[in-house]
S.K.: 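Can you read through this structure? Questions will come right after.
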Amino acid sequence: MDRYPHKSIEAKWKAAWEREGLMTVDLNSSGEKYYCLMMYPYPSGDLHVGHGRNYVIGDALARYKLMEGCSVLAPMGWDAFGLPAENAALAYNIHPAVWTAENIKKMKEQFFEWGVLYDWDREITSCDPMYYRWTQWIFLQLYKSGLAYRKAASVNWCPSCKTVVANEQVIAGACERCGATIAERFLEQWFFKITAFADPLLDDLGQLEDWPERVIAMQRNWIDRSEGQEILFAIDDINKSVACFTTRPDTIFGATFLVLSLDHPYVPQLIEGTEMESQIREFIEREKALKLSGRALTEPSKEGVFTGRYAINPLNEAEIPIYIAPYVLMEYGTGAIMGVPGHDQRDFDFAKTHGLDIREVIQPIEGKSPFPDAAFEGKGIMVDSGSYSGLTSEEGFDKIAEYLESRSQGKRTIHYRLRDWLISRQRYWGAPIPMIHCGNCGIVPVPEEDLPVLLPEDVDFRPKGEGKSPLARNEDFVAVPCPSCGKRAMRDTDTMDTFVDSSWYYLRYLSPNDTEKPFDKALVDTWLPVDQYVGGVEHAILHLMYSRFITKFLQSKGYLSFSEPFRRLFTQGMITKDGVKMSKSKGNTVSPGSIIESMGADTMRLYILFCGPPERDSEWKDDSVEGCSRFLNRVYRLFEKHRDVLISTGEETIDVETLNDNEKKLFRKTHWTIVRVIDDINDNFHFNTAISAIMELSNEMGAFSDKEKIEPGLRSASVLLFAFDSLVRLLAPMTPHLCEEFWERMGHETSVFRSPLPAANPEYAKGEMITLVIQVNSRIRAREEIPIDLGEEEVRKKALENVRIRELMAGKEPKKVIVVQNKLVNIVM
RNA sequence: GCGAGAGUGGCGGAAUUGGCAGACGCGCUGGAUUUAGGAUCCAGUGAGGAACACUCGUGGGGGUUCGAAUCCCCCCUCUCGCACCA
């Protein structure tokens, strides 16, 4: 048997949808609004089937929502700035803008091939001045609010990409993008003060009920709020006090030493003139070098050096030695800690290494303390703590805070792991930072009316690695009159992290061509938050945190009326091949082209949706793709066989009472399938089980077709038509071309996507007989067909009367009989 | 180490208010049709077993229950994220 003519069918409908503008939304329509957003991709060129999953899920969802009657907004755009364009440009001697444009063209063609539809009237491209003009505008708003600031900071420098990267882009000491070991550099950089929103970013996670638990957990861990106290320890020798942050002030009587980080500002003064000065300096230099090499990031070390100085514990006036050690980080808290070896394992290890005093000042309320073999890190009862002994950790926390605050020796504070977002990049292919450095006036923002600051096209963008952007070598770009005093000044030559571009793009889709403002408040307030956001979990922290931050910022300035951009988030799993992620470098990619050529885009889509639950990783199997193709061909043959009766008149009604057994069976199966499919899709997009339900229906139809005589005018024809009509509509979001073709051949003049989903009567879905399972002592001993919803007494009677069961009971009385309606009877002997 | 998720046939995976384990698909076995088929159709397919009897079976070990893939406790393995965060 030949395969159905997928090529002609698919070409026909792709063209028809484009002509009709199926996904073109009317923003003012009255229907229920549904903003269905895919994470916009980096235009890297060819997409393999692994990439396809995201778009196929999104497209099936958008089409499904259309059929639900929603006004669906499904836009697409391009995250088009970024390093790969520069790398490709260097490799192939082609301008990044040209390379990017070519890739965008290729990818649009691929979407078209897959039958993945978007409202292309709303297309946006982040490297388009029309777009990045407003990215720069957002920068200026942040600057005006004091939330974009410049700081000389120790930053993460990627020696391979020759740029600074954000903390979030450093994975275990390596560059997220290229894997090179990150080095530390001290440079002037622009930061966004995301920490100003730390609490709302944390607290509002609670509102995001439809986000995957793990994404919420990752964000929570990333922000990591710690409540504690900053306690001042006096250092008499230098007449200063050093602040130590701790979450456990209740352990302060166990503080037997104090540790400063290598970069702590007091270090030079502390060691100056001491006999160990040169030794200590050497130690610090050595440890810093180790840190740069990345070693310290993988091997926790308890190295440290005694300064010869002492600090005073403000609670018990004890003199405790001051150490300098790399395990205390300057970037967190105050860069100094009180060492409590009895109750912090790291301090314990440090004390053991250096022979320091270890004291027990907290005992567990229940259970046994690991002390003195290890630190007891739990809370409990304070002991050996002067007048505080006997208090719980919680009581001690408050009492000590009150005492210290009354003497100005400490205060309650909150610290976060979250750091400010470093957004400067010393790269060419990004949105220029709209700031000007004037010798007279200092740093001056570019006036809003002068935006965009255009990225010059003619630039030698080969990175030289001197820590400056390629733009710095372009005299025409750099030289600019100061907007404030008019004197000769210099443009900032860094560009923005591409995550700035993507932190607001979902707002721009509503008015992509607006030249007056970045987005239209009325429209975004109507259409946002995004109803469903779909993308990869790799953006769980970076993109999603930044977008939430920018949304909260814009809301705080009155530009938006909502505080969270994405109501629901769905993160699809990867498609793996041979157990690993598909990637060009591993050579295990599957190209959609040949599948579409031989079996059609519908088959590819069907398999992508069928291969497993969409939130989990799924393995690609070529053989199983074949199975999906077979299924579609079976449906097609069934249609061909009965096409004379599969014409909708719009008048069909079916009276269940008049149906014969086969007809009833198919009729009920159809209702059951409708319920199943709609439930499965609504339940976290479980297209895989929805499709298997549709396959069951198709099997049932095949059996029906073999058993019953089906001719025009017969009841059997109406039942089959009802089944087929339902199947076509349920399957349409997944295999749109073929279903659209069926729909037309069934006599419809408008698109199947303009017609509603089939409606089920749950009563009919139930069936009238069930198989009762009869157990004796929890083992299945018999089955019996009985009418559904039979009363408990009757069910019990049926079970006990069963021949096989009576045999097994051998005339004895059961101890107990458990009846579960419509399921089973368990006879306990 | 901390956090999240997962572990079910030869394979992808179904089944979760506790109630027929293995839906659906792949693969495999047998058959039909066919010049032929890697097309199509039918039947079978967790293991043991002659069996439609029966026994065993959802990573391992305990427990709760008439009944556990599902709930509780302990352990093992894998994936992902974070990782000297005071």
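Numbers restart at 1 for each chain; the letters A, B, ... are given by sequence-line order, proteins then strands.
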S.K.: Return no unless some side-chain N or O of A:Arg781 is found under 4.0 Å from OP1 or OP2 of B:C54.
M.R.: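 Yes, A:Arg781 has a side-chain N/O under 4.0 Å of OP1/OP2 on B:C54.
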S.K.: Hey, is the side chain of A:Lys302 pairing donor to acceptor with the base of B:C84 inside 3.5 Å?
M.R.: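 Yes, the side chain and the base share a sub-3.5 Å donor-acceptor pair.
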S.K.: Can you check whether A:Lys816 has a side-chain N or O nearer than 4.0 Å to OP1 or OP2 of B:C66?
M.R.: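 Result: yes.
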S.K.: So, OP1 or OP2 of B:C2: does either fall under 4.0 Å of a side-chain N or O from A:Asn221?
M.R.: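 A:Asn221 to B:C2 OP1/OP2: no side-chain N or O under 4.0 Å.
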S.K.: Does a nitrogen or oxygen in the side chain of A:Arg417 sit under 4.0 Å from OP1 or OP2 of B:A83?
M.R.: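 Checking A:Arg417 against B:A83: at least one side-chain N or O falls below 4.0 Å of OP1 or OP2.
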S.K.: For B:U65, does either OP1 or OP2 sit under 4.0 Å from a side-chain N or O belonging to A:Ser778?
M.R.: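 No, because none of the side-chain N or O atoms of A:Ser778 sits under 4.0 Å from OP1 or OP2 of B:U65.
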S.K.: Under 3.5 Å, is there a donor-acceptor pair between the A:Thr603 and A:His6 side chains?
M.R.: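 Checked: A:Thr603/A:His6 side chains show no N/O donor-acceptor pair below 3.5 Å.
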S.K.: For A:Leu738, does its backbone N or O pair with a side-chain atom of A:Asp602 as donor and acceptor, under 3.5 Å?
M.R.: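 Yes; judged by distance alone, with no hydrogens or angles, the pair exists.
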S.K.: Under 4.0 Å: is that the gap between some side-chain N or O of A:Arg676 and OP1 or OP2 of B:C24?
M.R.: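 Result: no.
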S.K.: Checking contacts here: which listed nucleotide (B:C84, B:A86, B:G19) is nearest the side-chain heavy atoms of A:Ile818?
M.R.: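 Out of B:C84, B:A86, B:G19, the nucleotide with an atom closest to A:Ile818's side chain is B:G19.
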S.K.: Measure the acute angle between the ring planes of A:Phe350 and A:His354, then classify it against the limits of 30° and 60° as parallel, tilted or perpendicular.
M.R.: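 Correct class here is tilted.
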S.K.: Below 4.0 angstrom, N of the basic side chain to O of the carboxylate: do A:Arg3 and A:Glu626 qualify?
M.R.: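 Yes, A:Arg3 and A:Glu626 are salt-bridged.
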S.K.: What is the pairing partner of B:G19, taking Watson-Crick or G-U wobble pairs with both distances under 3.5 Å in any strand?
M.R.: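 Across all strands, the one nucleotide that pairs with B:G19 is B:C66.
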S.K.: Check every atom of B:A23, B:A86, B:G5 against the side chain of A:Leu329 and return the nucleotide holding the closest atom.
M.R.: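 Shortest atom-to-atom distance from the side chain points to B:A86.
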S.K.: Do any side-chain nitrogens or oxygens of A:Arg220 fall under 4.0 Å of OP1 or OP2 in B:C2?
M.R.: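 No, outside the criterion.
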S.K.: Apply the syn/anti split at 90° from 0 to B:G48 and say which one it is.
M.R.: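 Anti.
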S.K.: With a 4.0 Å cutoff (strictly under), does any side-chain N or O of A:Arg783 reach OP1 or OP2 of B:G19?
M.R.: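 So the side chain of A:Arg783 is outside the cut-off, no N or O lying under 4.0 Å from OP1 or OP2 of B:G19.
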S.K.: Counting just side-chain N and O atoms, does A:Arg804 come under 4.0 Å of either OP1 or OP2 of B:C54?
M.R.: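 Checking A:Arg804 against B:C54: at least one side-chain N or O falls below 4.0 Å of OP1 or OP2.
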S.K.: Does B:G25 have OP1 or OP2 under 4.0 Å away from a side-chain N or O of A:Asn699?
M.R.: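 Yes, because at least one side-chain N or O of A:Asn699 sits under 4.0 Å from OP1 or OP2 of B:G25.
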S.K.: Checking contacts here: which listed nucleotide (B:C84, B:C24, B:C82) is nearest the side-chain heavy atoms of A:Trp222?
M.R.: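 The closest nucleotide is B:C82.
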S.K.: Counting distance alone, no hydrogens or angles: does the base of B:C66 have a donor or acceptor under 3.5 Å from a partner atom on the side chain of A:Asn826?
M.R.: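 Per atom types, the contact qualifies.
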S.K.: Of the listed nucleotides (B:A86, B:G25, B:G19), which one gets closest to any side-chain atom of A:Leu824?
M.R.: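 Within the option list, the nearest is B:G19.
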S.K.: Is it true that A:Trp620 and A:Asp622 share a donor-acceptor pair across their side chains at a distance under 3.5 Å?
M.R.: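 Side-chain D/A pair, A:Asp622 to A:Trp620: present.
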S.K.: Can you tell which of B:C56, B:C20, B:C66 lies closest to the side chain of A:Ile780?
M.R.: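 Of B:C56, B:C20, B:C66, B:C20 is nearest to the side chain of A:Ile780.
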S.K.: Now, which nucleotide makes the Watson-Crick or G-U wobble pair with B:A6, with each of the two distances under 3.5 Å?
M.R.: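 Paired with B:A6, as far as the under-3.5 Å criterion goes, is B:U77.
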S.K.: Would you say a side-chain N or O of A:Arg214 is under 4.0 Å from OP1 or OP2 of B:C82?
M.R.: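 No.
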